[in-house]
Amino acid sequence: VLGWLKGVFLPSTKVVRFERDKVDGRVCELLEAFRQGDLITGITEISVHTQQGPAMIETPLGVVVISQTCDLMRDNIPCVNVAERVQLSGGGAAHARKGSRPRYVHLPALGENDFADLSIAGAIDKSLIASLDRQPTVHSRDEIVKFGQAIGRNFSRFAFPDEISPYLAPFSDAILAKAGKLSTVQGRLIEKILQFRLQCLGSWDEPPFDLRLIVILEPTALPALPNNDDELPPFDEDLNSWLYDGDGKVKRTVQVIAEKLEAERDGAKLYWLWKAMADALIGLCKPQEGIADMTADVVSADEFRFTELDRSELLDLDYLSSPTTDRGRA
Amino acid sequence: MNGQPTVNATGRSGAIGLRFEDGTNSGTDMLTGAFFGVSIAEAHPIVPLPGTLFDAYLIAGARAPVDLLVDQASADAALRIEGMSTAKAIRKAHEDSGLTWDQLAKVFCVSRRSVHSWANGARMNATNAELLMQFVRLLDCIEDTSPDGRRSALLAVGDDGQNALDRFRMSQSQLRGAFSSLPRPEALLGVLHDDPNE
């Protein structure tokens, strides 16, 4: 049976039909030991379909299980989905580890440069997988959750309209230029940002788009709000006039605001400096046809509403930045 | 008057009216039915509010709850605060409504901090500015003009279990269709709904 199955996945002049029968109970039992994120070194090729017919892609480093763990044991799901294991280097690996390259999912147990490439994926018969060795690539609960989330993120990203990517490219470039650079003030502040989300006030169906960027910060990045309905800390007039001109446009650069923000110890001023930095970042975006407006809001993770989550989309900066930006891709 | 009312948008001011199946327009008559999916309590007399005839309607009888029927398509609602800055308008809405900042933030589906930043001069999107104007109109429709009275009117729960503030939010684009793409527990469990009409 194994030989017959290998005929499906290994080089062969003959393509056989795969029957989606119910999975044998013994196979399911063997798969109880397998987990999402497992490396299967015994699979060295994945089949793809080409115009010329079925072909094979070599996966010399093995493949990584991307099916959900609970699906591995289900007898009504005949295959296990796997992705190619690849190794990246330099800045490309750094960005991928940071999560700014959704195509690549880090495999921490294998080293800093090892990833699952979700763009090269295939389906493998469960009985073949069950006959091979496994090697976990994620261990802690945090690593396991991150791995699963990264897979979901890659395949469920919102397809922003064509106008959005070029419009946001200067913003994305500015963030990616500093992200991970902890020797810089901007890099350290970006570390406190959990997510950028984009909301279209109205419909994504057709332009012009009225946009709202939501910057979600770590819960501790902003001082806690009062529990009662007391007026929130007002915007200090001196700080206001230092940050904004008479038309409400931010008049300082991102760097200058970042330096002041990092040095600031007055909790009431922190929010306004974060807000101004967000305003300065979106101020880098040039007016463009199809974009009516964009404003920025800064919110702490523990103040972010579920309704806002539902009405906004996660920004994957990697897909929005300028294609010419060199970020050390492998 | 019988039948379900249908929207009868009249004019660019965003005014609306209700037209019933028998062809009559609503006035100070009895109104039953539903609007924007919001049930309107039966046998409540309605009275047109100040402004155009079909501008909006206040369900009278008891002082509260208040149901405002707002035309989402109002294109130039911003004219309602002509000469007033957004910051001033949001502060006025906060003061006049008697709502907390948090409650007011829910109108816009934003955080309390966001709505407070608008009150301090932060720029607001045109769509939210329009929503603010719609909310100001809602406040205008409440007979009791004291903040406490308005808050009571906005938060009083009607027979349908909702208050006017929630109805307003549901009638606006901010919440229209909200969570429709979210897989709910029943979907995750593969639950099939039975037909309540059977």
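Letters go in sequence order (proteins before strands), and every chain restarts at 1.
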Closest heavy-atom pair and its distance - A:Pro234, B:Asn120: CA-OD1, 4.0 Å
Minimum-distance pair of heavy atoms, taken over all atoms of A:Pro223 and B:Arg113: O-NH2, 3.0 Å
Among A:Asp293, A:Asp247, A:Thr295, side chain to side chain donor-acceptor pair (under 3.5 Å) partner for B:Arg123: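 By the side chain to side chain donor-acceptor pair (under 3.5 Å) criterion, B:Arg123 pairs with just one of A:Asp293, A:Asp247, A:Thr295: A:Asp293.
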Looking at [X], I'd like to know if its [atom1] atom is crowded, meaning that more than 12 non-hydrogen atoms belonging to other residues, nucleotides or ligands lie closer than 6.0 Å.
| X | atom1 | value |
| --- | --- | --- |
| A:Lys251 | NZ | yes |
| A:Gln68 | CD | no |
| A:Asp162 | CG | no |

Top of A:Trp272, A:Phe306, A:Phe235 for chain B proximity - count of heavy-atom pairs under 4.5 angstrom: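 Max contact count across the listed options: A:Trp272.
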Top contributor to chain B contacts, counting heavy-atom pairs under 4.5 Å, from A:Leu211, A:Val298, A:Asp279: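 The residue among A:Leu211, A:Val298, A:Asp279 with the greatest pair count is A:Leu211.
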With A:Thr253 via side chain to side chain donor-acceptor pair (under 3.5 Å) - residues at least two apart: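 Per chain and number, A:Thr253 pairs via side chain to side chain donor-acceptor pair (under 3.5 Å) with no residue.
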All side chain to side chain donor-acceptor pair (under 3.5 Å) counterparts of B:Arg151, not counting sequence neighbours: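 B:Arg151 satisfies side chain to side chain donor-acceptor pair (under 3.5 Å) with B:Asp148 only.
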Heavy-atom pair count under 4.5 Å with chain A, highest-scoring of B:Ala126, B:Ala119, B:Gly121: B:Ala126
Side chain / backbone / both / neither for A:Ile214 at chain B, heavy atoms under 4.5 Å: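 No part of A:Ile214 comes within 4.5 Å of chain B.
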Toward chain B, the part of A:Tyr244 with a non-hydrogen atom under 4.5 Å: neither
Residues in residues 260-271 of chain A near chain B [non-hydrogen atoms, under 4.5 Å]: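 Contacts with chain B: A:Tyr271.
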Qualifying side chain to side chain donor-acceptor pair (under 3.5 Å) pairs with a residue from residues 204-214 of chain A, counting only residues at least two apart or across chains: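 Every pair satisfying side chain to side chain donor-acceptor pair (under 3.5 Å) with a residue in residues 204-214 of chain A: A:Gln199-A:Arg212, A:Ser203-A:Asp205, A:Asp210-B:Asn125, A:Asp210-B:Thr127, A:Arg212-A:Asp297, A:Arg212-A:Glu308.
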Side-chain heavy-atom pair A:Arg305, B:Lys106 within 4.5 angstrom cut-off: yes
